[in-house]
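The figures that follow rest on heavy atoms only: side chains count, while hydrogens, waters and symmetry mates do not.
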Amino acid sequence: MERLQAVNIASSYGRKKVLCDVSITADAGQCVGIVGTNGCGKSTLLNILSGLRKADEGDIYFDGTRAQGRQPFVRFVGYVPQESNLIPELCVMDNLRLWYQDAGMLQQSLEQGFLRVLGVDRMCRMRAGKLSGGMKKRVSIGCALAGNPPVLILDEPDAALDLPGKADIRRYLGMYKQMGGTILLATHDEIDLELCDRVYALNRGRSKEIDRALRGEELLNEIKE
């Protein structure tokens with residue numbers, strides 16, 4: 001089932017056209033990777049797919065229904081930006097409370113849900129600004145999953161993480177995918193592609209689905225051509 005479909009997305013910053021013809025499909029239980037050089041429009045695309053930015057042209061569909069207005073994005077998508085979106089002065093629990101409107105759901109997730117799987121339950125009293133990069137990423141993912149969204153969008157989830165932190169994040173994403181969730185991630189790290197069922201390359205504002213097994217020079221050629 002097509003959980004998310006973007007069709008002919010275009011977006012500009014003033015006179016600079018960043019995206020001009022981007023189409024992407026992601027099914028339930030799939031992870032879709034988005035690769036490309038710096039400045040190719042990956043973050044712009046993710047902002048559009050998460051509802052933070054409106055496309056100049058094109059359509060987005062969730063479960064076959066065209067998204068109109070803000071509500072579909074709130075209901076369907078959890079977004080994890082590259083930089084931490086936590087409030088550093090607050091403890092982890094207070095950061096979570098800003099996202100989880102239902103206190104009962106928050107407690108349930110900490111006791112036996114995904115927040116426990118992420119290990120966030122052990123960080124609740126810690127101040128967010130004192131967390132390591134890997135811990136911040138786990139909490140950010142936990143915040144993004146507050147409404148149990150079927151689609152999780154991540155902008156370079158491994159950025160600035162050490163090797164154990166990267167392995168942990170991939171393991172959690174694999175579990176989310178096995179539970180039927182749909183993942184879109186922009187990445188520069190080839191090992192992230194091991195998690196992906198489909199891979200799209202962005203080049204000169206256009207998207208192209210490429211062989212997900214490509215690595216090294218072959219992958220570089222697809223990105224740069």
Side-chain angles (χ1 to χ4, degrees), residues 1-11 18-53 55 58-67 72-73 76-82 141 144-145 149-159 166-167 169-225:
M1 179 180 69
E2 291 182 349
R3 172 69 54 72
L4 169 66
Q5 186 179 23
V7 182
N8 303 130
I9 300 296
S11 183
V18 179
L19 305 173
C20 53
D21 185 15
V22 173
S23 295
I24 286 176
T25 298
D27 296 340
Q30 276 193 338
C31 178
V32 174
I34 301 171
V35 296
T37 58
N38 289 331
C40 72
K42 296 189 300 295
S43 293
T44 298
L45 176 61
L46 296 191
N47 284 336
I48 291 171
L49 296 179
S50 60
L52 296 178
R53 179 179 174 86
D59 296 299
I60 298 171
Y61 297 86
F62 294 110
D63 289 344
T65 300
R66 181 173 175 269
F73 295 96
F76 277 91
V77 178
Y79 177 55
V80 183
Q82 182 176 344
I141 293 174
L145 294 173
V151 179
L152 185 61
I153 297 178
L154 305 102
D155 194 350
E156 298 192 34
D158 292 345
K166 292 181 178 183
I169 296 302
R170 292 190 191 102
R171 180 165 60 88
Y172 302 138
L173 294 181
M175 294 176 66
Y176 176 79
K177 176 180 157 182
Q178 288 177 357
M179 293 167 63
T182 298
I183 302 170
L184 272 77
L185 62 88
T187 183
H188 289 295
D189 197 333
E190 288 189 3
I191 197 169
D192 284 339
L193 302 182
E194 300 296 330
L195 186 66
C196 296
D197 302 282
R198 309 170 79 161
V199 177
Y200 290 87
L202 290 188
N203 188 287
R204 298 179 182 179
R206 301 179 184 277
S207 62
K208 174 185 176 183
E209 186 168 4
I210 63 175
D211 185 345
R212 69 184 185 90
L214 291 180
R215 299 292 185 274
E217 195 68 27
E218 291 180 319
L219 178 60
L220 185 62
N221 289 337
E222 287 285 0
I223 292 173
K224 294 176 64 177
E225 75 171 17

K.L.:
Which residues satisfy the salt bridge (charged side-chain N to carboxylate O under 4.0 Å, His left out) test with Asp155, sequence neighbours excluded?
P.N.:
none
K.L.:
Flag the pair Leu49 / Val77 as yes when at least one side-chain heavy-atom distance between them is below 4.5 Å, and no otherwise.
P.N.:
no
K.L.:
So Leu184 and Tyr200, do their side chains get closer than 4.5 Å, heavy atoms only?
P.N.:
no
K.L.:
Write down the atom of Pro157, the atom of Ala186, and the distance for their closest heavy-atom approach.
P.N.:
CD-O, 3.7 Å
K.L.:
For Asn8, does its backbone N or O pair with a side-chain atom of Asp21 as donor and acceptor, under 3.5 Å?
P.N.:
no
K.L.:
Apply ring pair (Phe, Tyr, Trp, His ring centres under 6.0 Å) to Tyr79 and list each qualifying residue two or more places apart in sequence or on a separate chain.
P.N.:
none
K.L.:
Identify, with sequence neighbours excluded, every residue that meets salt bridge (charged side-chain N to carboxylate O under 4.0 Å, His left out) alongside Arg53.
P.N.:
none
K.L.:
Suppose we screen for side chain to side chain contact (heavy atoms under 4.5 Å, CB included). Which residues come up paired with Ala10, at least two apart in sequence or across chains?
P.N.:
Lys17, Glu57
K.L.:
Using the side chain to side chain contact (heavy atoms under 4.5 Å, CB included) rule, pick out the option among Leu214, Leu185, Val35 that qualifies with Leu193.
P.N.:
Val35
K.L.:
Nearest 0.5 angstrom please: Asn203 CG to Ile223 CD1, how far?
P.N.:
9.0 Å
K.L.:
Using the test ring pair (Phe, Tyr, Trp, His ring centres under 6.0 Å), find all partners of Phe73 that sit at least two apart in sequence or belong to another chain.
P.N.:
Phe62
K.L.:
With sequence neighbours left out, what residues match Asp59 under salt bridge (charged side-chain N to carboxylate O under 4.0 Å, His left out)?
P.N.:
Arg66
K.L.:
Identify, with sequence neighbours excluded, every residue that meets salt bridge (charged side-chain N to carboxylate O under 4.0 Å, His left out) alongside Glu190.
P.N.:
none
K.L.:
For a quick test of reading the model, state the closest non-hydrogen atom pair linking Asp197 to Gly29 and the distance between them.
P.N.:
OD2-O, 4.0 Å
K.L.:
Where do His188 and Glu156 land on the side chain to side chain contact (heavy atoms under 4.5 Å, CB included) test, with the steps shown first?
P.N.:
CA-CA 7 Å; His188 289 295; Glu156 298 192 34; 3.2 Å; yes
K.L.:
Which distance, rounded to the nearest 0.5 Å, do you find between the CD1 of Ile141 and the CG of Leu152?
P.N.:
6.5 Å
K.L.:
Looking at Tyr61 and Glu2, would you say the former's side chain and the latter's main chain have a donor-acceptor pair under 3.5 Å?
P.N.:
no
K.L.:
Taking C-beta and beyond as the side chain, do Ile34 and Leu202 meet within less than 4.5 Å on heavy atoms?
P.N.:
yes
K.L.:
So Asp211 and Leu219, side chain to side chain contact (heavy atoms under 4.5 Å, CB included) or not? Walk me through it.
P.N.:
CA-CA 9 Å; Asp211 185 345; Leu219 178 60; over 6 Å; no
K.L.:
Could you state the interatomic distance from SG (Cys31) to CG (Leu154), rounded to the nearest 0.5 Å?
P.N.:
8.5 Å
K.L.:
Rounded to the nearest 0.5 Å, what separation is found between the CD atom of Gln30 and the CG atom of Asp27?
P.N.:
4.0 Å
K.L.:
Can you name the nearest heavy-atom pair linking Ala144 to Pro149, along with the distance?
P.N.:
O-CG, 3.4 Å
K.L.:
Check Ser50 against Ile153 and note the closest heavy-atom contact, atom names and distance.
P.N.:
N-CD1, 4.0 Å
K.L.:
Could you give the distance from CZ (Phe76) to CD1 (Ile60), rounded to the nearest 0.5 Å?
P.N.:
12.5 Å
K.L.:
Go through the structure and list residues passing side chain to side chain donor-acceptor pair (under 3.5 Å) with Gln5, not counting sequence neighbours.
P.N.:
none
K.L.:
Among residues at least two apart in sequence or on other chains, which ones pass side chain to side chain donor-acceptor pair (under 3.5 Å) with Thr182?
P.N.:
Arg3
K.L.:
Within the side chain of Tyr176, is there an N or O that forms a donor-acceptor pair under 3.5 Å with the backbone of Pro150?
P.N.:
yes
K.L.:
Give a yes or no on whether the backbone of Glu209 and the side-chain of Arg212 come within a donor-acceptor separation of less than 3.5 Å.
P.N.:
no
K.L.:
In chain order, what residues pass the side chain to side chain contact (heavy atoms under 4.5 Å, CB included) check against Gln178, with sequence neighbours excluded?
P.N.:
none
K.L.:
Is a donor on one side and an acceptor on the other found under 3.5 Å between the side chain of Lys42 and the backbone of Thr37?
P.N.:
yes
K.L.:
Can you list everything that forms a side chain to side chain donor-acceptor pair (under 3.5 Å) with Glu218? Sequence neighbours excluded, please.
P.N.:
none
K.L.:
Please name all residues satisfying side chain to side chain donor-acceptor pair (under 3.5 Å) with Arg170, sequence neighbours left out, ordered by chain then number.
P.N.:
Asp158, Asp189, Asp192
K.L.:
Does the side chain of Asn47 reach to within under 4.5 Å of the side chain of Leu45, using non-hydrogen atoms?
P.N.:
no
K.L.:
Flag the pair Ile48 / Leu19 as yes when at least one side-chain heavy-atom distance between them is below 4.5 Å, and no otherwise.
P.N.:
yes
